[in-house]
Amino acid sequence: MPYPHIFRPLDLGFTTLKNRIVMGSMHTGLEEEKNGYEKLAAFYRERAKNGVALIITGGVAPSWQGWTSPFSATMSNSREAAKHRVVTKAVHEESGKICMQILHAGRYNYTPFGAFAPSAIKSPIHRFKPWALSRRGILSTINDFVRCAKLAQEAGYDGVEIMGSEGYLINEFICRHTNHRTDEWGGSFENRIRFPLEIIRRTREACGNTFIIIFRQSLLDLVDDGSNWEEVVLLAKAVEAAGANIINSGIGWHEARVPTIATNVPRGAFTWVTQKLKREVNIPLIATNRINMPETAEQILAEGQADLISMARPFLADAALVKKAMENRSDEINTCIGCNQACLDHTFSRKTATCIVNPFACRETEMTIIPATDTKKVAVAGAGPAGLSCAITLAQRGHEVHLFEVGNEIGGQFNIAKEIPGKEEFRETLRYYTKQLELQRVQLHLNTALTTEIADKFDEIVVATGVVARKAGIPGETHPAVLSYTDVVLHKKPVGKSVAIIGAGGIGFDVAAFLSSEPNADIPEFMKEWGVDMSYRHPGAKTKPQPTPAEREIFMLQRSEGKMGARLGKTTGWIHRSSLKMKKVKMISGVSYRHIDDEGLHIMVNGKPHTLQVDTIVVCAGQVSRNQLFEEIQKMGKKAHLIGGAAEAGELDAKRAIAEGTQLGLTV
Ligand code: NAP
Ligand code: SF4
């Protein structure tokens, strides 16, 4: 067995988990779609069939007061519970186990109906103050949790996960940060933990001894006045005594200003805190956050840092992750790169989640690989994300596929991303594609442009030739101090001690990170930079961030007014901005560019002229399509398709490129 610690069953006394990988809770948005539960059933079936030991569903509110957003999934009566039967049945048919997460949003309730919390204290990421629950309200909320667990049992779930972390209602009771009550539900630690303990105790009483109860406990609040380590330990012991079977690690409140799951977080960055708790309790502990490959999971288990590993987003990226690990095929895993672009960013925009590297995720009932009835000889020009995903999908359907790339490696724009400190995971996607090209027998022609002569020998042509960097059009742009982002990131041209970056889109931010940060920050460095106290001397393990300032003076410029990086990901934009601010990168909006000369970059800001006396100017002003080949092929009368950046350069990202490539691959 390639991963002996992963594939060791876990005996819970009354039931056994077949391996140590848990699919963690993740809201997909499918529940809220038409035929949503059937789609959810197909989504979970696919993961259970491929060997996941235990699935935890996305959060389900125990009442409307617990909603995260208007009309989010709720289980408060038998009618709502009955809809879940199709989900539990699908997982059980594949010999999997499934627990439903019960989540009461507390003051993170983003509905116009008002939020409820232990005290009326507004969260910094919410517009309105919540209502403080009355004593009666607290008792009825406990009843709601217990009723919800009982209904989940009726719906066929093997257990529940009670969400006690991430700053949701239960966590708000536990911490002084949000609990300023003076009655028996606030004040002393004993009073503050009464709420979760009552829920666990009464759930156990109601659901019996053969029902799994997982408590997701916040092991690191990462907010002021969060729990201290003694409180974390006391609570975990009390949770065990109250009847929970498993404790899952919760890391950081949503309002915490520390990245906890984004790609710049080193793999397994937070398992040290799970390990710290392991010596204190007897029930199994789950390690979470940025564990995306079996190698990392195996190491955590082998070192005894945890008993189980939770992966959530990695199962969007690859439904067959466990099966591939079991068969020693981890080089075939489509790795979650921690970008959040198609999962959490979708969820926070009220769109159904999917995955940037796997557009099939959450579309199991709509997107399937059906072998082509009329197999063709297809040429794909361009081995960037669009061309790669298209070539592989076409080949999976039985077409003979030739992939032409003018460069000496596959990857296109991903070759830029993979060089950026904190974006090293993009290399995994390239490893995945390299392996898939081999497995699907795509014939790869590197250093070869697809010409019209070559194209003539094919039935159909896909043009995915991508983009070229746009010039900014500033007088003096040919000055030797001016470089393009590809010069800097790909060709590693020398850059001076002071730099101006023209353009603050995704690439401008990436270039600023490239010029200001060291690659591969290790876990202690990351914690120091973001202010996480690994010695846990401060409540919430929060301390003052100690970033290393950039060795260069860097200016980032944009013509638009307003905050920089406004179009960056909803859940990650703040990380990029904070990170560069910590590096003392100077961000200037509302700039107009005048000219470039030996003195530097001449600009106007607020009607006043300024000269940035910089050594290097890097142009990151977006891209234009490279689509000449398409026109030439069309003139030949050949059937051609144009996808990715070559079709439309504006607002191109890997999500659109891969989705377009895959969709086309499914239809030719
Ligand atoms: P972009 O997002 O379109 O940004 C281009 C930037 O250049 C803007 O700041 C724009 O702002 C400026 N600009 C445009 N024309 C200009 C001109 N003629 N002169 C001077 N400035 C000009 O393009 P990108 O940064 O190259 O990114 C390309 C795509 O990749 C985007 O869709 C992006 O989301 C994606 N990407 C995302 C990430 C990520 O972390 N999520 C990372 C890399 C790339 P002003 O017009 O205000 O000056
Ligand atoms: Fe992972 Fe990005 Fe896919 Fe989300 S969209 S599952 S973060 S690769």
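First listed ligand is number 1; within each ligand, the first listed atom is number 1. Residues: numbered from 1 along the sequence shown.
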Review point. If we only count N/O pairs under 3.5 Å, is Q623 in contact with ligand 1?
Key: yes
Check your understanding: Less than 3.5 Å between some nitrogen or oxygen of G506 and one of ligand 1, yes or no?
Key -> yes
Review point. What about K423: any of its N or O atoms under 3.5 Å from an N or O on ligand 1?
Key: yes
Check your understanding: Heavy atoms only: which of A649, A469, G505 is nearest to atom 4 (O) of ligand 1?
Key -> G505
Study note, to complete from the structure: Out of Q413, K471, R567, Q341, the nearest non-hydrogen contact to atom 1 (P) of ligand 1 is supplied by R567
Practice item. Decide whether the shortest distance between a heavy atom of G473 and an atom of ligand 1 is less than 4.0 Å. Key: no
Check your understanding: Has the side chain of T465 got a donor or acceptor atom that lies under 3.5 Å from a matching backbone atom of R626?
Key -> yes
Revision key, fill the gap. Among non-hydrogen protein atoms, atom 3 (Fe) of ligand 2 lies closest to C355 SG, 2.4 Å
**Study point:** Under-4.0 Å salt bridge between E424 and R427
**Key:** no
Review point. Out of curiosity, is A504 lining ligand 1, as in a heavy atom under 4.0 Å away?
Key: yes
Study note, to complete from the structure: For atom 8 (S) of ligand 2, the closest protein heavy atom turns out to be I337 N, 3.3 Å
Check your understanding: Any N/O/S atom of C339 sitting less than 2.8 Å from atom 2 (Fe) of ligand 2, backbone or side chain?
Key -> yes
Check your understanding: Which one of M556, R559, E561, K655 has a non-hydrogen atom at the shortest distance from atom 13 (N) of ligand 1?
Key -> R559
Study note, to complete from the structure: atom 1 (Fe) of ligand 2 has as its nearest protein heavy atom C336 SG, 2.4 Å
Exercise for review: Output yes when a protein non-hydrogen atom is found under 4.0 Å of atom 44 (C) of ligand 1, and no otherwise.
Suggested key: yes
